[in-house]
Amino acid sequence: MSTQIKPDPKTKNRSSGERHAYTGPGMIATGEATALLPTETTPPIKVFGTESIRETFDDLCLQQAVNSRLAPGVTDLVLNPDAHCGYGAPVGCVMVSPTHIYPGPVGVDIKCSMSLLQLDLPAEAIEDRKVRRQLISAICQRTPTGAGKGQRSAVKSRHVNRTLGKQLVVEGASDDVCKALGIPTNWAHRCEDSFHVGHDETADALESRLETLLHRRDMTNFTDKMQQLGSYGGGNHFGECEVVEVGDNDRAREVAETFGLHDGKVAFLSHCGSRGFGHILASGQFKSLQTKFDQWGIPLPAGDRQLVYAPLGSGEANDYIDDMSLGANFATVNHLLINALVLEAFQEVFPGVKGNLVYFISHNIARKEIVDDRPAWVHRKGATRAIPGGHHSLRETPFAKSGHPILLPGNPCDGSAVMVADEGAAASCYSVNHGAGRVLGRRHAKRVLDQTTVDSEFESNDVLSNCRKYPIDEAPAAYKDFNEVLRSVKSAGLASEVARLKARFVIKDASKADD
DNA sequence: ATGTCC
């Protein structure tokens with residue numbers, strides 16, 4: 001019986017565009033979870049998606065999932081409902097290996113993440129569109145959007161000099177770094193990871209790796225890159241003002257209280273990563289490893305250059321882990337500073353208003369976790385960690401009993417969600433999706449979607465934006481049906497909804513909207 | 001995603 005989709009290098013860089021809910025031999029359906037590719041020696045890929053969600057997986061996405069599953073040292077592969085084509089591995093997958101590290105399934109934006117700030121401000125306070133316009137202006141003055149954009153003059157008091165830059169990429173959100181940047185130090189307790197260490201589990205390894213990197217030609221602008229701290233960047237990154245709607249059941253209300261979420265109040269959701277600094281590190285690693293594969297003549301997994309890897313313990317693996325951690329530390333401090341600046345912007349419009357970080361959690365990172373009783377690197381590429389209450393790894397956190405917050409951006413018109421993991425999440429390597437997931441490529445979206453329709457959808461939902469023209473490749477219709485994605489997660493027993501977030505205004509990079 | 005091609 002043929003149960004495999006054979007990896008075909010010829011198709012790796014293009015999509016046929018065909019979509020089908022794969023139901024052929026080899027697919028196991030258990031509730032809404034299904035599996036691809038079981039053989040006697042290879043456990044299946046676990047696919048989480050309702051039938052209509054599985055129709056959104058195109059050929060290339062499934063091919064990338066199979067390629068990743070069959071790559072050296074990989075013991076588990078999970079495909080989430082928001083999955084779509086990525087860099088070697090699909091965006092929306094979890095790849096586990098106890099023996100190898102893979103840069104592709106972390107991606108070019110190291111530690112791209114979500115964070116949520118809860119404000120002590122009733123929804124009615126921002127009902128007036130003029131007030132929301134003031135907030136948009138105050139926020140854009142402090143946290144700019146767009147590629148290459150760095151700090152605005154309004155945040156001079158939080159200037160990042162070279163010494164502080166070096167300290168923050170090595171230490172992450174340490175007390176000293178937080179104090180130097182005006183970030184409340186207790187926010188570090190509301191991070192999935194407030195800092196990352198080097199390959200030997202110490203910060204010393206990062207310090208010495210950084211010294212090496214600073215001699216590299218592409219790192220001569222290190223100090224400039226540190227000026228991007230507190231900025232969003234472009235693409236799918238955004239800031240979004242929300243109204244919290246806690247779910248109408250006892251568990252949601254109880255968990256929301258632990259999370260510090262307040263029904264009917266204003267919150268602010270942010271999506272960004274490690275900016276130019278992370279990009280230099282990630283692209284440097286791809287180039288370096290690809291060159292070594294060429295020199296050594298080692299076969300690439302499925303012939304795909306984007307699936308280069310390094311065996312743990314090798315100098316290459318150590319360097320990758322160190323570079324990833326340096327980038328991750330930048331992303332962490334970037335998010336916390338953005339939240340501090342957004343709070344400052346709210347205080348400009350509403351003097352004295354208080355705000356607290358609900359959580360900061362990544363969807364592009366490899367973490368060392370215990371899987372099947374042994375340490376393994378869990379690569380989450382467009383996937384969010386989902387650990388339920390009572391799990392040993394949450395013991396020292398404010399979420400030991402409840403499980404930690406899971407922050408899932410949907411779209412500005414249908415809303416976003418805060419979830420909490422259920423016991424069933426063990427089946428997905430303690431992971432869920434990272435959002436809605438693309439259903440149209442950027443070029444495709446620009447061809448088939450209409451600006452007027454997008455604008456009127458925002459208007460009818462009374463969602464404002466800083467953009468004169470909202471980027472059409474970021475329109476809600478370019479993404480999957482968020483409710484169907486959430487249904488996939490809930491019906492598979494992975495996580496439950498705690499709250500919905502209803503957008504009131506969006507901050508995005510519109511500099512490419514006229515392309 | 002991105003000093004959007006060193």
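So that the names make sense, note that chain A is the first sequence line, chain B the second, and so on, each numbered from 1.
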What pairs with [X] under side-chain hydrogen bond (donor to acceptor under 3.5 Å, both in side chains), at least two apart in sequence or on another chain?
| X | value |
| --- | --- |
| K287(A) | none |
| Y102(A) | none |
| N433(A) | none |

Grab the N/O contacts between the protein and nucleotides 3-6 of chain B below 3.5 Å, and write none if there aren't any.
unit_1: dG3(B); atom_1: OP2; unit_2: Q228(A); atom_2: OE1; d: 3.4
unit_1: dG3(B); atom_1: OP2; unit_2: Q228(A); atom_2: NE2; d: 3.1
unit_1: dG3(B); atom_1: OP2; unit_2: G276(A); atom_2: N; d: 3.3
unit_1: dG3(B); atom_1: N7; unit_2: N221(A); atom_2: ND2; d: 3.0
unit_1: dT4(B); atom_1: O2; unit_2: K512(A); atom_2: NZ; d: 3.2

Over all strands shown, is [X] touching base, sugar-phosphate only, or nothing at heavy-atom distances under 4.0 angstrom?
| X | value |
| --- | --- |
| G273(A) | nothing |
| G234(A) | sugar-phosphate |
| G278(A) | nothing |

Set of side-chain contact (heavy atoms from CB on, under 4.5 Å) partners for S231(A), sequence neighbours left out:
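With neighbours one apart ignored, the set is P144(A), Q228(A), R275(A).
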Under the rule for salt bridge (Lys or Arg N to Asp or Glu O under 4.0 Å), what residues qualify as partners of R380(A), not counting sequence neighbours?
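Expected list: E369(A).
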